[in-house]
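All remarks here apply to the structure that follows.
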Amino acid sequence: MLRKKESYIVAVVGATGAVGNEMVKTLEERYFPVERLRLFASERSEGKIKEFKDKEIPVETLKEDSFNGIDIALFSAGAERSRIWAPVAARAGSVVVDNSSQWRMDPDVPLVVPEVNPDDLKWHKGIIANPNCSTIQMVVVLKPIHDVAKIKRVVATTFQAVSGTGQKAMDELLQQTTDLLNFREVKCNVYPYQIAFNVIPHIDKFLENGYTKEEMKMVNETRKILGDNSIRITATTVRVPVFRGHSESLNIETERKLPPDEVRAILSAAPNVIVFDAPEKNIYPIPINVAGKDETYVGRIREDESIDTGINMWIVADNLRKGAALNAVQIAEKLIETASV
Ligand code: NAP
Ligand code: 3JN
């Protein structure tokens with residue numbers, strides 16, 4: 001359990017990666033009360049220096065006793081590292097906010113988006129899971145609709161930026177684009193196909209049911225966060241040559257009919273959701289405008305005329321911020337708000 005303090009000893013595990021880097025930035029930008037920041041990554045990064053609040057902080061290698069004295073540990077070093085090290089941190093008394101898929105579906109671990117299910121933080125046992133980026137931006141929009149009209153079914157199609165795969169994928173998109181424009185041969189290391197000037201309907205591994213793990217994460221995590229296994233969800237996840245910002249097309253079937261104006265009113269009142277929807281003026285969210293923003297943007301809200309109670313919309317959020325680092329820091333903020341004295 002976290003004890004109330006004026007400031008906290010915070011660790012970022014995976015601090016040299018795309019998400020870890022954003023976590024360090026987010027802690028600083030949001031004036032998180034940090035007494036001391038410890039940064040961890042693999043042995044390869046031992047001794048690298050990162051800046052936090054004008055101080056130079058060395059990156060350390062994880063060891064059995066690394067978590068002694070750490071109040072809050074933000075993990076983004078992949079599921080295998082979380083499997084091994086999150087319990088070590090929790091046993092040392094740290095509260096872990098884990099960005100990987102390792103603990104998300106564990107019934108003893110709350111899976112939290114602060115705007116949607118903050119009360120689930122009350123029953124954590126030392127590890128709290130941060131959902132997948134595509135799930136997070138979807139549930140902040142689904143929750144207020146579900147509350148007023150009960151969602152029966154969702155059909156989601158994603159258009160995911162390469163930063164979701166990490167720093168190497170961002171480097172690969174840049175390199176491939178440069179090579180193509182200079183008539184050089186393209187090399188593919190991160191994705192099975194060229195991502196520059198292409199789209200790839202394949203994110204994470206394929207499963208026996210023909211879906212990818214990313215698609216099933218969206219289905220299972222959404223049900224857990226909304227606490228409703230009756231919602232039927234199906235997803236197709238697609239990688240697109242965008243650096244930052246995931247877009248999603250959502251088709252939502254509700255029990256009660258919701259006219260588009262009512263959906264706009266509901267979402268305008270929802271926390272950290274911005275309705276950006278005036279098609280007559282070409283106003284709708286696009287990733288280049290949403291990159292760097294904290295909110296989830298919604299546009300193209302319209303009736304699904306093929307069914308009685310359906311709505312279509314287009315949502316965009318910054319996958320490294322709300323989809324990962326920001327949601328984790330917001331969880332930590334909620335934890336310190338409710339910490340016991
Ligand atoms: P990334 O850019 O490849 O960074 C990976 C980080 O993990 C680096 O800091 C790396 O350190 C560290 N690491 C690797 N092996 C390690 C080890 N043995 N011990 C300690 N640290 C180790 O990847 P990313 O995009 O930041 O993503 C990192 C993880 O965050 C993903 O694997 C995923 O679990 C999670 N994630 C979640 C979401 C979400 O949807 N919420 C989105 C993206 C990522 P070195 O630099 O030393 O190698
Ligand atoms: O590809 C994306 O846009 C999001 C990627 C998330 C991710 C990448 C590697 C490993 C995850 C995740 O958060 O589900 C994981 C993982 O922890 O399984």
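Atoms within a ligand are numbered from 1 in the order they appear, just like the ligands themselves.
Classification of the F67-F75 ring pair by plane angle, with boundaries at 30° and 60°, yields parallel.
Every atom of ligand 1 is numbered from 1 in the order shown, and the set under 4.0 Å from a heavy atom of G166 is 2 (O), 25 (O). Taking every heavy atom of N130 and a limit of under 4.0 angstrom, the matching atoms of ligand 1 come to 41 (N). Listed by number with element, the atoms of ligand 1 under 4.0 Å from a non-hydrogen atom of G164 are 43 (C). Interface of S100 with ligand 1, defined as ligand atoms under 4.0 Å from a residue heavy atom, comprises 34 (O).
In this structure, L37 CG and K53 NZ are separated by 9.0 Å, a value rounded to the nearest 0.5 Å.
On a distance-only criterion, G323 and ligand 1 share at least one N/O pair closer than 3.5 Å. For G14, a nitrogen or oxygen atom sits less than 3.5 Å from a nitrogen or oxygen atom of ligand 1, counting backbone and side chain alike. Between K48 and ligand 1, no pair of N/O atoms sits closer than 3.5 Å. Taking any N or O of S163, backbone or side chain, none lies under 3.5 Å from an N or O belonging to ligand 1.
Only the backbone of A15 comes within contact range of ligand 1, with a heavy atom under 4.0 Å; no side-chain atom does. Counting heavy atoms under 4.0 Å from ligand 1, residue T61 does not touch it at all. With a 4.0 Å cut-off on non-hydrogen atoms, S82 does not touch ligand 1 at all.
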TODO: Report the C-alpha distance between D71 and V10 in whole Å, list the side-chain angles of each, state the deciding distance to 0.1 Å, and finish with yes or no for side chain to side chain contact (heavy atoms under 4.5 Å, CB included).
DONE: CA-CA 6 Å; D71 299 306; V10 178; over 6 Å; no
Open item on the list: Is there a side chain to side chain contact (heavy atoms under 4.5 Å, CB included) between K322 and Q330? Walk through the geometry before answering.
Closed with: CA-CA 9 Å; K322 186 57 189 163; Q330 286 171 323; 2.5 Å; yes
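C133 N, 2.5 Å is the protein heavy atom nearest to atom 40 (O) of ligand 1. The protein atom (non-hydrogen) at minimum distance from atom 4 (O) of ligand 1 is G17 CA, 3.2 Å. Atom 44 (C) of ligand 1 has as its closest protein heavy atom V19 CG2, 3.6 Å. The protein heavy-atom contact nearest to atom 46 (O) of ligand 1 is T16 OG1, 2.5 Å. Atom 48 (O) of ligand 1 has as its closest protein heavy atom R44 NH2, 2.8 Å. Looking from atom 35 (C) of ligand 1 to the surrounding protein, the closest heavy atom is N99 O, 3.6 Å. Counting protein heavy atoms only, atom 32 (O) of ligand 1 is closest to G78 CA, 3.1 Å. For atom 2 (O) of ligand 1, the nearest non-hydrogen atom of the protein is A18 N, 3.0 Å.
Side-chain polar atoms of T237 and Y211 form no donor-acceptor pair below 3.5 angstrom. A donor-acceptor pair shorter than 3.5 Å can be found between the side chains of D120 and N117.
With salt bridges taken as basic N to acidic carboxylate O contacts below 4.0 Å, one links E80 and R83. With respect to K143 and E115, no salt bridge is recorded, no charged nitrogen being found less than 4.0 Å from a carboxylate O. Remark: D261 engages R264 in a salt bridge, criterion side-chain N to carboxylate O under 4.0 Å.
Selection from E22, R81, E43 by nearest heavy atom to atom 17 (C) of ligand 1 gives R81. Heavy-atom proximity to atom 20 (C) of ligand 1, evaluated over A325, A41, A77, A328, is greatest for A41. Nearest residue to atom 6 (C) of ligand 1 from A129, S76, S45, P131 is S76 (criterion: closest heavy atom).
Partner V116 forms a side chain to side chain contact (heavy atoms under 4.5 Å, CB included) with one of I136, L142, L111, V140 and no other, that one being V140. When each of K150, K152, R223 is paired with D228, the salt bridge (Lys or Arg N to Asp or Glu O under 4.0 Å) condition holds for K150 and for no other. Of the residues listed (Y297, Y284, F159), the one engaging W314 in a ring pair (Phe, Tyr, Trp, His ring centres under 6.0 Å) is F159, and it is the only one.
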Report all side-chain donor-acceptor pairs from residues 334-341 shorter than 3.5 Å, counting only partners two or more places apart or in another chain.
unit_1, atom_1, unit_2, atom_2, d
T338, OG1, K334, O, 2.9
T338, OG1, L335, O, 3.4

Sequence neighbours excluded and cut-off under 3.5 Å, please list the side-chain donor-acceptor pairs for residues 84-98, or say none.
unit_1, atom_1, unit_2, atom_2, d
S94, OG, I70, O, 2.9
S94, OG, A89, O, 3.4
D98, OD1, S82, OG, 2.6
D98, OD1, S100, N, 3.4
D98, OD2, S82, OG, 3.4
D98, OD2, S100, OG, 2.8

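The stretch residues 174-193 participates, sequence neighbours left out, in these salt bridge (charged side-chain N to carboxylate O under 4.0 Å, His left out) pairs: D179-R184.
The two atoms that bring A196 and L173 nearest to each other are CA-CD1, 3.7 Å, heavy atoms only.
Side chains of N272 and T296 form no contact here, defined as non-hydrogen atoms less than 4.5 Å apart.
For atom 9 (O) of ligand 1, a protein non-hydrogen atom is found at a distance below 4.0 Å.
The contact shell of ligand 2, taken as protein residues with any non-hydrogen atom closer than 4.0 angstrom, comprises N99, S100, S101, R104, N132, C133, Q160, G164, I203, E214, K217, R239, H246.
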